[in-house]
Amino acid sequence: MTQPAFHLPDGFLFGASTAAHQTEGNNIASDWWGFEHSGHPVIRQPSGDAVDSLHRWPEDMDLLAGLGFNAYRFSIEWARIEPEQGEFSRAAVDHYRRMVDGAIDRGLNPVVTLHHFTSPRWFTDGGGWSRADAVDRFQRYLEHATPIVASGVSHVVTINEPNILAIMFAVLNGGLPPTDEAGAMLGLPEPDAGVRDGLIAGHRAARAYLADAVPGLQTGWSVANQAYQAEPGFEAETRAYSQSREGVFLEVSRDDDFVGVQSYTRTRIGAGGPLPVPDGVERTLMGWEFYPAALGEAVRATAAAVPGVPILVTENGIATDDDETRIRYTSGALAGLAAAMRDGIDVRGYLHWSAIDNYEWGSFEPTFGLIHADRETFARTARPSAHWLGALAREGVLPAE
Ligand code: BGC
């Protein structure tokens with residue numbers, strides 16, 4: 001029997017996500033800016049002007065609100081707020097506060113990420129998240145950034161995908177992991193233990209600080225979910241593989257106000273570890289398996305890992321140059337989400353990645369945007385998928401299968 005459309009509960013956050021470094025442009029005091037100019041082979045293009053959202057954020061928000069969305073997740077940039085250690089920019093704090101007010105004025109609930117992969121260069125040069133004073137430095141930044149989230153913000157994501165950040169550090173310092181014939185990474189290396197511990201401590205300190213500084217603010221972090229699947233007979237290997245890359249980070253969310261789920265594809269584990277995408281199976285521009293069911297599975301796995309913790313889907317989407325494929329992917333993902341919610345899982349929002357085409361950590365080629373951004377003129381054009389998803393948001397429904 002086909003299911004009817006699923007009606008979302010009142011207050012459900014339905015919108016899209018971006019991150020500062022990927023959209024703003026000229027984030028020159030950040031570690032990534034330095035890395036982009038280091039000659040490392042993973043960098044095909046530097047971020048440059050990105051899509052100039054530093055100046056064009058009002059246009060981005062106008063479009064999102066006009067499309068029918070009620071939420072916008074964006075990040076604030078530590079490297080702009082504290083470009084040199086101990087030198088804080090009041091203008092940068094004011095800038096991000098204007099963004100929060102701009103979102104609220106347009107009827108978009110701001111979901112603010114404090115750290116989305118990038119750090120100031122001075123922080124990383126001094127050892128980054130494994131340095132002894134990492135937590136103190138992060139907290140100092142947060143103290144200065146507090147006015148940004150002091151009112152009108154319901155949800156703060158402290159750190160985006162700490163598991164991927166700790167894995168990136170291992171990749172950058174230990175060499176590239178094996179790839180399959182399409183160039184997609186085959187599995188993920190072990191997260192760096194020092195970075196992992198620094199991130200966990202930083203998250204806990206940020207939550208404790210914000211609980212006092214901004215009572216009522218909901219805080220959590222967002223974990224990249226790979227929807228691990230065991231081939232028959234490889235259940236124990238799969239559990240072990242996912243525990244260090246995902247499980248330990250999810251468990252941290254046990255005491256949090258919410259947990260952010262970020263899902264794109266699945267990883268199957270069999271003989272020898274992660275398995276390549278089988279021949280002939282559809283892939284995205286990232287080389288990842290086209291697998292919309294990942295979102296429902298990720299939400300269910302997260303609910304099982306941290307029972308009772310409300311879930312916010314903080315990222316889900318697809319890199320494609322065919323917008324019908326984006327709709328087909330997202331509609332499958334949302335059907336899986338609706339099924340999980342019908343089964344009683346407490347999901348508070350869905351924020352699509354991404355609101356707009358952006359800098360995909362080394363290249364502009366994988367286009368994830370609901371909104372197309374012209375790389376020369378920065379002109380924005382909402383794609384049909386944006387209108388389709390915005391209409392669902394306006395109606396407050398998720399599609400059936
Ligand atoms: C990150 C985004 C990234 C997206 C697609 C997530 O890992 O949070 O910054 O662009 O996935 O790869």
Side-chain angles (χ1 to χ4, degrees), residues 15-25 27 30-32 35-36 42-45 47 50-51 53 72-78 111-119 157-172 177 179 182-185 187-189 191 199 203 220-227 245-246 249-250 259-267 283-292 294-295 298 312-321 326 329-330 333 350-371 373:
S17 291
T18 57
H21 186 76
Q22 296 178 266
T23 52
E24 288 180 343
N27 187 17
S30 69
D31 53 357
W32 257 82
F35 176 52
E36 287 163 23
V42 302
I43 303 297
R44 284 185 282 148
Q45 291 166 285
S47 55
V51 291
S53 290
Y72 180 38
R73 171 181 176 232
F74 58 90
S75 73
I76 63 173
E77 188 58 54
W78 184 1
V111 174
V112 177
T113 306
L114 305 175
H115 186 284
H116 193 123
F117 289 162
T118 44
S119 299
V157 176
T158 58
I159 298 171
N160 178 74
E161 294 190 349
N163 51 338
I164 299 299
L165 196 51
I167 286 167
M168 268 188 201
F169 187 87
V171 170
L172 298 181
T179 51
M185 272 197 332
L188 299 168
L199 289 165
H203 168 68
W221 68 1
S222 61
V223 178
N225 192 299
Q226 302 300 326
R245 292 165 178 80
E246 209 165 287
F249 296 90
L250 277 178
V259 54
V261 168
Q262 312 206 153
S263 164
Y264 293 90
T265 189
R266 67 172 164 181
T267 299
R283 293 182 189 240
T284 74
L285 288 180
M286 297 295 282
W288 301 340
E289 180 181 354
F290 177 95
Y291 188 69
L295 178 61
L312 201 56
V313 176
T314 37
E315 287 184 27
N316 168 250
I318 178 172
T320 177
D321 51 16
R326 190 182 329 278
Y329 174 87
T330 308
Y350 173 84
L351 300 162
H352 189 86
W353 186 271
S354 176
I356 187 162
D357 290 344
N358 60 49
Y359 182 64
E360 179 55 35
W361 308 110
S363 162
F364 284 94
E365 275 166 36
T367 37
F368 278 94
L370 295 170
I371 299 169

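For ligands, and for the atoms within them, numbers begin at 1 and follow the listed sequence.
Counting atoms of ligand 1 from 1 in the listed order, those under 4.0 Å from a heavy atom of His116 are 1 (C), 2 (C), 8 (O), 9 (O). Against a heavy-atom cut-off of under 4.0 Å, Gln262 is close to the following atoms of ligand 1: 8 (O). Taking a cut-off of under 4.0 Å to the non-hydrogen atoms of Asn160, the atoms of ligand 1 that pass are 8 (O). Within ligand 1, counting atoms from 1 as listed, the ones closer than 4.0 Å to a heavy atom of Trp288 are 12 (O).
Scored by the side-chain contact (heavy atoms from CB on, under 4.5 Å) test, Ala355 finds Ala16, Thr18, Leu64, Tyr72 as partners (sequence neighbours excluded). Considering only residues two or more places apart in sequence or on other chains, Thr284 meets the side-chain contact (heavy atoms from CB on, under 4.5 Å) condition with Met286, Trp288, Ile318.
Two residues are said to be in side-chain contact when any heavy atoms from C-beta on lie closer than 4.5 Å; Ile164 and Leu188 meet this criterion. Counting heavy atoms from C-beta on, the side chains of Trp353 and Asn358 come closer than 4.5 Å.
Atom 4 (C) of ligand 1 has as its closest protein heavy atom Tyr264 OH, 3.4 Å. Among protein heavy atoms, the minimum distance from atom 7 (O) of ligand 1 is reached at Glu161 OE1, 2.5 Å. Here the protein heavy atom with the shortest distance to atom 3 (C) of ligand 1 is Glu360 OE1, 3.6 Å. Remark: minimum distance from atom 6 (C) of ligand 1 to any protein heavy atom is reached at Glu315 OE1, 3.0 Å.
In this structure, a donor-acceptor pair under 3.5 Å is present between the side chains of Tyr264 and Glu315.
Classification of the His21-Trp361 ring pair by plane angle, with boundaries at 30° and 60°, yields parallel.
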- Task: Given side-chain hydrogen bond (donor to acceptor under 3.5 Å, both in side chains), test Thr265 with Glu289 step by step and report yes or no.
- Result: CA-CA 6 Å; Thr265 189; Glu289 180 181 354; 4.9 Å; no

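For Asn358, no nitrogen or oxygen atom sits less than 3.5 Å from a nitrogen or oxygen atom of ligand 1, counting backbone and side chain alike.
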